[in-house]
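See structure below.
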Amino acid sequence: MPNTLKNWKGPMAVIGIDWGDSGKGRLVDDLSSTAQIVARYNGGSNTGHTVENNLGKFALHIMPSGIFNQWAICLVGRNVAVDLQSLTEEMSQLDKADVSYKKLVIDEQASLIMPWHRMRDGIREKLRVAKVGTTGKGIGPVFADRTERVGPLVKDLKSRDFVKKIEEEVKIQNKFYKLNLNPKSIVKEFGVYQKKVKTFIGKTIPILRQALKEKKNILFEGAQGYFLDIDAGTYPFVTSSNPGVVGITRSYDLHPSNLIEVIGITKAYTTRVGEGPMPTKIDGYISQRIIDVGKEVGTTTGRIRSPGWLDLVLIKEATEVNRLTALAITKLDVLSGISKLKLGISYKLNGKPQEYIGHDAELLSQVKPEYINLPGWTEDISNIRSFEKLPKNAKAYIRTIEKFTKVPVKFISVGPRRGQVIYV
Ligand code: IMP
């Protein structure tokens, strides 16, 4: 295993170890300069990966964040819910910036997000008493249909029967869910997408297996965060796919033991958007300050994210389950100027210490976190490029995270632009 991520060797994965929005896009963009394959493995257009580089600022939802490495093959795995409206918009964004995506391959077995999935997502959310706060992108319904073994796949775009299939499915959806969908307009809309994406449809697994045989540098890009996992997360306040290492297997039939490095990424603090418990939530002035300085507004939905102190109880759980070999801490610069910092290290429930209360949203909403207090720093750290040069208290903050999780921090970001990073 290389000591620093700068000269990484794959296969390697970047996975969120929180509730998403950890800055995976910028880390993958950074690491992908030496990748030969970048492979998205979960989520759908609920994902918002922001990449800011010398070509501009991009919001990617389906397109892998490694697309800016023009030599890398970019894969979209079969367990990604493919939203063609979003993907074609991203393609236009890239066209405008002269970024080629000719090495993109979308797995033919992936499910397509259809207009009825978005409609059903909206209707269901409206009817819920306890809201989940979904992104409204049709994620729940598309994965529900996949489990029910209905709904079009990417490969249907290449089929002669595509129009017939859509027409038949629209009839069923209208009847079953009492929708008022017009098959003609859906066929027309998808005809446009079909032309744009047809040449990018293929089988991703043989490409990946060949790359493994040739010991190529493969980077797996996760979406969301481990605690939004459909099974391991705080159900029902979760998404419908697997952001952890399991998701890699589901998309690519690759056992996690093949991974040389598994990087867990989180911000230097925690945020959550949508509903669901967050034990270390911060209120008041510091919360607003983090929102303002960290620009904590969702890339996909424009919603404000709620900030919390970094919750090491959750991070430790994600670390152990996913066998992390490295941590990446982003947005450390956002904490500059906050005089007293806290790290959540344990929970108490009704006054009794509680080791870990994952999966159970109800219990997680009742626990009281216990913290260690650390002094903050006032210096602007956005121009620092080596760990040693960080203020003493910033170093102590990072070292405390390492000590608690027993995983080395190998990457720190200190600003939004490419290059504003520290490889430790
Ligand atoms: P869905 O994935 O749109 O169904 O949303 C389910 C829950 O996951 C909601 O609380 C969303 O806010 C949250 N969620 C989904 N995708 C993301 C993401 O990329 N970042 C942060 N939260 C997300």
Side-chain angles (χ1 to χ4, degrees), residues 14-28 40-51 59-65 79-83 85-86 90 111 113-114 116-128 130-147 221-244 247 265-267 269-278 281 291 294-308 311 314 318 330-331 359 361 364-365:
V14 173
I15 70 171
I17 49 171
D18 44 18
W19 283 293
D21 310 314
S22 46
K24 286 178 288 292
R26 68 93 40 93
L27 176 60
V28 172
R40 250 295 288 280
Y41 64 83
N42 77 301
S45 47
N46 49 351
T47 309
H49 288 173
T50 309
V51 177
L60 303 177
H61 304 279
I62 302 292
M63 194 70 86
S65 307
N79 211 33
V80 175
V82 176
D83 183 331
Q85 186 187 349
S86 177
E90 291 166 55
S111 291
I113 298 185
M114 301 301 291
W116 52 85
H117 294 130
R118 268 188 230 107
M119 283 173 109
R120 279 163 48 195
D121 200 3
I123 295 168
R124 165 64 79 177
E125 185 70 354
K126 235 188 224 157
L127 293 173
R128 276 188 185 112
K131 311 278 178 213
V132 169
T134 77
T135 59
K137 300 290 176 183
I139 302 300
V142 73
F143 282 108
D145 278 5
R146 189 172 175 88
T147 310
E221 177 183 8
Q224 287 91 36
Y226 184 63
F227 295 97
L228 285 176
D229 182 285
I230 178 73
D231 303 308
T234 50
Y235 184 95
F237 309 105
V238 289
T239 189
S240 303
S241 68
N242 302 103
I265 182 167
T266 172
K267 282 185 283 218
Y269 46 94
T270 303
T271 59
R272 181 159 202 173
V273 63
E275 302 300 320
M278 178 165 66
K281 189 166 184 275
I291 293 169
K295 300 191 176 61
E296 292 303 343
V297 181
T299 319
T300 302
T301 57
R303 292 181 296 182
I304 302 279
R305 303 172 187 141
S306 302
D311 188 336
L314 293 183
T330 56
K331 290 192 164 180
H359 325 305
L364 205 64
S365 68

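First listed ligand is number 1; within each ligand, the first listed atom is number 1. Computed from a predicted model, the values in this text were never measured in an experiment. Only heavy atoms go into these numbers, but all of them, side chains included; no hydrogens, no water, no symmetry mates.
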What is the nearest protein non-hydrogen atom to [atom], stated with its residue, atom name and distance?
atom	value
atom 3 (O) of ligand 1	T135 OG1, 2.6 Å
atom 7 (C) of ligand 1	V238 O, 3.7 Å
atom 5 (O) of ligand 1	T134 CA, 3.4 Å
atom 9 (C) of ligand 1	G133 O, 3.1 Å
atom 23 (C) of ligand 1	L228 CD1, 3.6 Å
atom 21 (C) of ligand 1	D21 OD2, 3.1 Å

[X] versus ligand 1: do any nitrogen or oxygen atoms come within less than 3.5 Å of each other?
X	result
G20	no
V132	yes
K137	no
Q224	yes

Atoms of ligand 1 close to G274 [distance to a heavy atom under 4.0 angstrom, numbered from 1]: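 What qualifies from ligand 1 is 10 (O), 12 (O).
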Other residues, nucleotides, ligands: >12 heavy atoms within 6.0 Å of K295 NZ: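 No, the 6.0 Å shell around NZ holds no more than 12 heavy atoms from other groups.
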Contacts of P64 that satisfy side-chain contact (heavy atoms from CB on, under 4.5 Å) - sequence neighbours left out: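 side-chain contact (heavy atoms from CB on, under 4.5 Å) check on P64 returns V38, R40, C74, V76, L104, E221.
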Residue pair [X] / [Y], side-chain heavy-atom distance below 4.5 Å:
X	Y	value
R118	D83	yes
R272	D18	no
H49	H61	no

Closer than 3.5 angstrom, by distance alone: can the side chain of [X] be matched with the main-chain N or O of [Y] as a donor-acceptor pair?
X	Y	answer
D145	F143	no
R26	V51	no
Y41	P243	yes

side-chain hydrogen bond (donor to acceptor under 3.5 Å, both in side chains) between T270 and D311, worked out: CA-CA 7 Å; T270 303; D311 188 336; over 6 Å; no
F237 near ligand 1 by a heavy-atom separation under 4.0 Å: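 Checking ligand 1 against F237, which is what was asked, there is no heavy-atom contact under 4.0 Å.
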Sub-4.0 Å heavy-atom contact, D121 with ligand 1: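 Contact check D121 vs ligand 1: negative.
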Salt bridge (Lys or Arg N to Asp or Glu O under 4.0 Å) against K267, all qualifying residues, sequence neighbours excluded: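 With sequence neighbours excluded, K267 shows a salt bridge (Lys or Arg N to Asp or Glu O under 4.0 Å) to E296, given in chain and number order.
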Side chain, backbone, both or neither: the part of T47 lying under 4.0 Å from ligand 1 by heavy atom: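 The answer is the backbone.
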Residue part near ligand 1, for R303, under 4.0 Å between non-hydrogen atoms: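 Near ligand 1, R303 shows its side chain, while the N, CA, C and O stay back.
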Options D18, T239, T234, T271, ranked by nearest heavy atom to atom 2 (O) of ligand 1, top entry: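 The option holding the nearest heavy atom is T239.
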